[in-house]
Number of protein chains: 2
Amino acid sequence: MRTAEQTADGESAPWGEVEPEAARRLLVAAVEAFAERGYHATTTRDIASRAGMSPAALYIHYKTKEELLHRISRIGHDKALEILTAAADGGGTAAERLAEAVRAFVRWHAERHTTARVVQYELDALAPEHRTEIVGLRRRSDAAVRRILGDGVRDGEFDVPDVPGTTLAVLSLCIDVARWFNAAGRRTPEEVGALYADLVLRMVSAQKE
Amino acid sequence: MRTAEQTADGESAPWGEVEPEAARRLLVAAVEAFAERGYHATTTRDIASRAGMSPAALYIHYKTKEELLHRISRIGHDKALEILTAAADGGGTAAERLAEAVRAFVRWHAERHTTARVVQYELDALAPEHRTEIVGLRRRSDAAVRRILGDGVRDGEFDVPDVPGTTLAVLSLCIDVARWFNAAGRRTPEEVGALYADLVLRMVSAQKE
DNA sequence: CCCCGAGCTGAGCAAGCGCTTAGAGCCTTG
DNA sequence: CAAGGCTCTAAGCGCTTGCTCAGCTCGGGG
């Protein structure tokens, strides 16, 4: 039986897997604080007070401030990898799968840009052993996109002279959405996802003649 | 007569305009430290010792640690704006000017990725009045690229349904180079610049039929 | 020869940091 | 109702932070 992990529409809630509730409140508070000020500029007192608790309460649920960051980074990277492998393994032509990968990945970076900012820009603040773990997940994300491009080239759908370089560029374009996306701005996450899927398809498509 | 501002080949040296020499040494040390660990995680003691001085020496040349960041950010943004306006105002077709803008802008982000990382990712650490000044420079950079795209659409060279959105995507793609570029990696700044110029041209080119 | 201002250092201050500890409150179990 | 365990708080420890200040050094002008 699932509880907090699932919402009515069946989509997984952002931090449903974090239990108990006090630990989740602290983690959500940490995501907001890290995204706003950065990991190093955020104090444990700030996190605790956002969660409505005393500074000491944090250490009942997490050993260190870095463990909080690691949990956030791990969950976020799992989600990112899930989105990209789902698109890579999905049905359809390489173009359809690439468009879906970019659309969904960008949508996640825009919709959850608070989380994504921490996930993408605080890697250096992780302890060495945690960083190598996360880097492994990132390599698998890279492989998923590279596979789609490779399939498209093989099937003659795409014209991509430099597959690794283009993979890097596509992922880079999507990731940077977390930096500039503003929830109060004019574009919705869906609109940005659609725009970016179109731009990426243009980057890789074989020219008609 | 120019001195430290110019090298033998006529290209401007990175921090030539910073005088006297001790102030420049401190600034270069700060760029390295900020890029490696981030502004908030860098101590004034670290900056001073990298420059071979005592912590107190920093405050003879700069009022605060934030003033150092502001000077770095200002010089970096001036350079970025100069690169983009030079390309926008240069001769040739819109496609040639866009390719040159991306090539030069990416090359700068790769070659000087230490500086670029501080310039692009430490905006939030600036004091409010310094931030608004820098945001103004960034808007002018945005306008330079938008102008090239607008010219290309007007002349029928480009097919760009969403000019502001595509401007954002092009700049975003270039800026993110500072995050992932590794000087020890396989690609040279020139190679990345050429690859990215090609990818961006594909994004905006009218399809042949 | 002495003085002087500029550049720099050693020592250190007040504030804030991550984290610990002793114990209070309260829910569960028998 | 008593015992035990879990969650949380108030207080604070040891340390580091950005920054200050009295004084040392040293090249150039009277």
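All values below come from the heavy atoms of this structure, side chains included, with hydrogens, waters and symmetry mates left out. Below, read A as the first sequence line, B as the second, and so on, with proteins coming before strands; counting in each chain starts at 1.
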What's the CD1-P distance between A/Ile60 and C/dG18, to the nearest Å? 17 Å
For A/Leu68 and C/dG18, what is the distance between atoms CG and C1' respectively, to the nearest whole Å? 13 Å
Test side-chain contact (heavy atoms from CB on, under 4.5 Å) on B/Leu27 and B/Tyr62 and set out the steps. CA-CA 10 Å; B/Leu27 191 130; B/Tyr62 303 95; 3.7 Å; yes
Nearest-Å distance, CG (A/Leu58) to P (C/dT20)? 11 Å
Remember a base hit wins even if backbone is also touched, and classify A/Ser54 as base, sugar-phosphate or nothing at under 4.0 Å, heavy atoms. base
Nearest-Å distance, OH (B/Tyr62) to P (D/dT20)? 16 Å
If you check the A/Met53 side chain, which of C/dC8, D/dT20, D/dC8 turns out closest? D/dC8
If you take all heavy atoms of B/Ala104 and B/Ile83, which pair is closest and at what distance? CB-CG2, 3.6 Å
Check whether the side chain of A/Arg45 and the base of C/dG16 form a donor-acceptor pair under 3.5 Å. no
Are B/Tyr59 and D/dT20 close enough that a side-chain N or O sits under 4.0 Å from OP1 or OP2? no
Are A/His40 and C/dC17 close enough that a side-chain N or O sits under 4.0 Å from OP1 or OP2? no
How close or far is atom C1' of C/dC19 from atom CD of A/Glu67, stated in whole angstroms? 14 Å
I'd like a table of donor-acceptor pairs (distance under 3.5 Å, sequence neighbours excluded) in which one partner is a side-chain atom from residues 118-126 of chain B, with atom names and distances.
from	atom 1	to	atom 2	distance (Å)
B/Gln120	OE1	B/Arg138	NH1	2.9
B/Gln120	OE1	B/Arg138	NH2	3.1
B/Gln120	NE2	B/His109	NE2	2.9
B/Tyr121	OH	B/Asp176	OD1	3.2
B/Glu122	OE2	B/Tyr39	N	3.1
B/Asp124	OD1	B/Arg131	NH1	3.2

Taking OP1 and OP2 of C/dG18, is either one under 4.0 Å from a side-chain nitrogen or oxygen of A/Thr44? yes
Within this structure, what is the NZ-to-C1' distance between B/Lys65 and D/dG18, rounded to whole angstrom? 8 Å
How long is the line joining CD of B/Glu21 and C1' of C/dC8, in whole Å? 14 Å
One pair to check against side-chain contact (heavy atoms from CB on, under 4.5 Å): B/Leu98 and B/Phe158. What are the steps and the verdict? CA-CA 11 Å; B/Leu98 182 59; B/Phe158 295 161; 3.9 Å; yes
Provide, to the nearest angstrom, the distance between the CD atom belonging to A/Glu19 and the P atom belonging to D/dC6. 17 Å
Could you work out, with side chain to side chain donor-acceptor pair (under 3.5 Å) as the rule, every residue matching A/Arg112, not counting sequence neighbours? none
